[in-house]
Each structure stands twice: as structure tokens, then as C-alpha cells.
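Below is one structure; the comments refer to it alone.
For the numbers below, each heavy atom of this structure counts, side chains included, while hydrogens, waters and symmetry mates do not.
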Amino acid sequence: MSAHRSDDTGFVPTMGAFHEGHISLMRAARREHRNVCVSLFVNPLQFGRNEDLSRYPRNEQRDFEMADEAGVDVMFVPTADEMYPQTPTTIHVHDLSERWEGESRPGHFDGVATVVAKLFNIVAPRTAYFGWKDLQQCLVIRRMVSDLNMRLDLEFLDTVREHDGLAMSSRNTYLSAEERSVAPMLHRTLTQVIERISTNLESVERSIDDGRNTLQSAGFNVEYLDLVSMSDMRQFRTEADAALIVAARLGTTRLIDNLRLFAPWQTPIS
Ligand code: PAF
């Protein structure tokens with residue numbers, strides 16, 4: 001169901017340090033709306049105590065130039081004090097928030113849901129754009145929008161990859177030259193596992209175990225590699241709609257990625 005405002009704004013929430021993934025969202029918003037707004041806010045609420053808030057990559061000047069080139073009309077760049085003048089009321093998306101990334105990063109999705117809800121209320125967009133690279137984030141936001149009857153549409157766009165398959169991420173800049181040369185193994189392994197599973201659904205566990213071993217041998221510290229249902233992110237049973245998800249560390253850098261099992265990615269969900 002789509003609920004349209006009288007104004008016509010496409011909105012891309014970001015934490016800056018733009019790459020082609022962000023730009024593809026901005027371009028889609030530009031194509032589809034009269035006004036395009038991008039927020040740039042490194043949201044402290046979604047970082048754990050031992051995470052990378054203080055060293056998260058920041059390059060505002062370059063971000064403004066890239067956004068300008070992509071045809072963005074308004075950059076919204078609030079401060080933490082403006083967003084959170086007092087201990088904030090928070091949003092918890094039950095269940096979906098608690099698995100996978102939620103287990104590795106407790107409280108992360110409460111921070112994401114809370115800031116995204118605030119940004120939606122401030123910007124009042126007709127459509128908000130997110131990348132499938134952060135698959136669980138997309139599902140958490142979709143559930144929040146549905147559960148809280150928020151009046152906007154969501155569009156989720158395909159992951160943008162480097163020429164060697166590595167999913168674009170602001171955190172890729174943390175990788176040393178050596179780690180960067182190993183990092184594309186993540187996508188390569190996902191592809192191999194998906195190919196094996198697609199031809200033989202009986203081999204799910206074995207294929208995933210082999211994938212995990214391949215990554216461990218290449219130097220990754222694998223947090224999870226699993227096939228999950230796209231509806232609730234529980235372990236795959238028999239649903240047609242599933243995704244292979246991975247989180248793994250290379251040195252101190254934590255990378256996530258995913259591949260869909262059957263359907264093509266770019267199905268807008270509203
Ligand atoms: O994906 C991100 O960059 C962030 O999680 C988001 C959605 C902008 C919320 O801070």
C-alpha cells in the first residue's frame with residue numbers, strides 16, 4: 001500500500017563517506033521525485049561501546065560534492081545534540097532485531113530504527129531508499145514502517161560491487177592492501193555456495209560448512225554464514241524466498257554481505 005504526501009520528496013538516509021552504493025540510491029530518488037533529500041548523520045545510538053564510532057570515515061566536503069553531482073537538492077546534516085537533546089525514546093523491532101547482526105551488535109537495530117523513524121518524521125518523504133547490502137537493516141525498517149503504520153514507501157536497491165565483487169561499504173577503507181586483496185573471497189564464496197545449493201537443496205548444510213571452511217582458511221574470522229528466510233531471517237526451511245548471509249572479520253575490519261537464493265534482487269517492496 002502506498003500512502004502519498006502532497007509534497008514529493010525522495011529521501012536517502014546515510015552516515016556519509018559516500019561510494020557508488022549511496023550514489024545509486026540518490027540517482028533513483030532523483031529519477032522518481034521532484035525533491036531529493038539526503039541526511040548525513042553518524043548516528044551514535046547504533047554503535048556499541050567497543051565499535052568504530054570515533055574512527056568511522058568522515059569526508060563531508062567530498063560527500064557534498066558527490067551529492068551535488070547526483071542531483072541532490074537538500075543535505076540534512078544534524079548534530080548529535082540536535083537529534084538527541086535528551087535520553088531518547090527508542091524503537092525496538094521485536095524478534096527480527098535480535099538475530100544475526102543483532103546478536104553480534106546488541107542494541108544496534110534499536111539505534112537504527114530510532115534514528116530512521118526520527119529522520120522520517122523530520123523529512124516526511126514519500127519514498128525512502130536503502131541498499132540490500134544491509135539486508136537485515138532493510139527488513140527491520142520494513143517491519144517498523146508496517147508495524148507503526150508509517151506513511152511512506154520504501155525502495156531497496158541492489159548491492160553495488162567493486163569490479164572484483166567486493167560489496168561497496170564505507171568500512172572497506174579500513175582494509176590494509178593485503179586484506180583488500182583477500183576481501184573479494186567473501187562474495188566469491190557466497191556465489192559458490194549459492195550455486196551448489198541452487199542445484200541441490202539437500203546440500204545446504206554441507207555447502208555452508210564448506211563455504212565457512214574456505215573463508216576461515218583464507219584468513220577470515222567468520223561470525224556467521226547461513227541461509228535464512230527473507231520474511232523473518234530464521235534459518236531456511238522450505239521457503240522459496242531466502243538469502244545467504246555472512247558476517248566475517250578480516251583483521252579488525254568487520255564485513256557483511258549477502259546473496260539472494262532464487263528471486264532477482266531489485267523488487268521494490270512498499
Ligand atoms: O545504513 C546506514 O548508513 C545507517 O544505518 C542509516 C540507515 C543511515 C541509519 O543511521
Side-chain angles (χ1 to χ4, degrees), residues 19-22 24 51-52 96 99-105 108-109 130-140 156-267:
H19 49 67
E20 272 307 308
H22 296 108
S24 72
E51 292 185 354
D52 56 346
L96 252 184
R99 31 189 108 254
W100 310 112
E101 285 302 282
E103 211 169 289
S104 299
R105 307 180 65 190
H108 170 66
F109 287 121
F130 298 88
W132 274 126
K133 152 81 169 39
D134 297 304
L135 183 143
Q136 191 170 2
Q137 171 170 282
C138 292
L139 300 186
V140 164
F156 303 120
L157 300 193
D158 220 0
T159 301
V160 178
R161 298 183 180 279
E162 303 284 357
H163 65 281
D164 54 13
L166 178 65
M168 288 201 184
S169 161
S170 307
R171 289 188 168 98
N172 290 351
T173 55
Y174 298 157
L175 296 167
S176 68
E178 198 192 328
E179 289 162 353
R180 177 63 187 82
S181 69
V182 176
M185 281 277 299
L186 204 58
H187 177 245
R188 223 174 300 139
T189 306
L190 286 182
T191 308
Q192 282 161 2
V193 173
I194 282 284
E195 275 168 12
R196 274 182 71 184
I197 293 174
S198 306
T199 50
N200 178 9
L201 265 181
E202 303 304 310
S203 71
V204 172
E205 266 178 43
R206 203 165 355 106
S207 305
I208 289 175
D209 281 347
D210 289 349
R212 201 176 288 121
N213 291 336
T214 305
L215 289 173
Q216 295 279 154
S217 311
F220 288 89
N221 183 357
V222 180
E223 270 180 34
Y224 59 75
L225 171 66
D226 229 312
L227 189 65
V228 298
S229 147
M230 279 290 290
S231 58
D232 56 9
M233 291 202 82
R234 288 179 187 272
Q235 254 156 358
F236 179 77
R237 296 172 297 269
T238 54
E239 302 87 341
D241 208 3
L244 186 64
I245 57 171
V246 67
R249 278 181 197 278
L250 255 187
T252 56
T253 308
R254 189 169 182 279
L255 301 172
I256 61 171
D257 201 350
N258 64 81
L259 275 187
R260 191 77 163 263
L261 181 56
F262 297 124
W265 270 121
Q266 271 176 302
T267 311

Shortest non-hydrogen contact from [X] to [Y]?
X: M185; Y: A218; value: CE-CB, 3.7 Å
X: G131; Y: C138; value: O-SG, 3.2 Å
X: A243; Y: M230; value: CB-SD, 3.9 Å

Kindly write out the residues that satisfy salt bridge (charged side-chain N to carboxylate O under 4.0 Å, His left out) with [X], not counting sequence neighbours, or none if the list is empty.
X: R180; result: D164
X: E205; result: none
X: R188; result: none
X: E178; result: none

side-chain contact (heavy atoms from CB on, under 4.5 Å) evaluation trace for W132 with L259: CA-CA 9 Å; W132 274 126; L259 275 187; over 6 Å; no

Value rounded to 0.5 Å, distance of [atom1] in [X] from [atom2] in [Y]:
X: H19; Y: H22; atom1: NE2; atom2: NE2; result: 4.0 Å
X: T189; Y: F220; atom1: OG1; atom2: CZ; result: 7.0 Å
X: L186; Y: L215; atom1: CG; atom2: CG; result: 6.0 Å
X: D134; Y: F109; atom1: CG; atom2: CZ; result: 8.0 Å
X: I245; Y: I256; atom1: CD1; atom2: CD1; result: 9.0 Å
X: I197; Y: L227; atom1: CD1; atom2: CG; result: 5.0 Å

For [X], check side chain to side chain contact (heavy atoms under 4.5 Å, CB included) against everything at least two apart and list the hits.
X: N213; result: none
X: D210; result: R196, R206
X: T173; result: P57
X: N172; result: L166, S169, L175, L255

Would you indicate whether the side-chain heavy atoms of D241 and S229 approach each other to under 4.5 Å?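 They are not in side-chain contact.
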
Is the closest side-chain heavy-atom distance between D226 and Q235 below 4.5 Å?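 Yes - at least one pair of side-chain heavy atoms lies under 4.5 Å apart.
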
Give every residue pair that meets the ring pair (Phe, Tyr, Trp, His ring centres under 6.0 Å) criterion with at least one member in residues 182-218, sequence neighbours excluded.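 Residue pairs with at least one partner in residues 182-218: there are none.
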
Using side-chain contact (heavy atoms from CB on, under 4.5 Å), reason through V160 and K133 one step at a time and then give a plain yes or no. CA-CA 8 Å; V160 178; K133 152 81 169 39; over 6 Å; no

The residue among V228, L225, D257 that forms side-chain contact (heavy atoms from CB on, under 4.5 Å) with L244 is L225

[Y] backbone acceptor or donor facing [X] side chain under 3.5 Å:
X: E223; Y: R249; result: no
X: Q192; Y: G211; result: no
X: N258; Y: V246; result: no

Which residues pass the side chain to side chain donor-acceptor pair (under 3.5 Å) test with S203, not counting sequence neighbours?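 Only S207 meet the side chain to side chain donor-acceptor pair (under 3.5 Å) criterion with S203.
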
Please name all residues satisfying side chain to side chain donor-acceptor pair (under 3.5 Å) with N221, sequence neighbours left out, ordered by chain then number.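 Partners of N221 by the side chain to side chain donor-acceptor pair (under 3.5 Å) criterion come out as none, since no residue qualifies.
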
Where do D232 and R99 land on the side-chain contact (heavy atoms from CB on, under 4.5 Å) test, with the steps shown first? CA-CA 10 Å; D232 56 9; R99 31 189 108 254; 5.7 Å; no

Is R254 salt-bridged to E101, cutoff N-O under 4.0 Å?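 Judged by the 4.0 Å cut-off on N to carboxylate O distance, R254 and E101 do form a salt bridge.
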
ring-ring contact (aromatic ring centres under 6.0 Å, His included) partners of Y224, counting only residues at least two apart: W100

Within a reach of under 6.0 Å around CD of E103, are more than 12 heavy atoms found that belong to other residues, nucleotides or ligands?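 Open: at most 12 neighbouring heavy atoms sit under 6.0 Å from CD of E103.
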
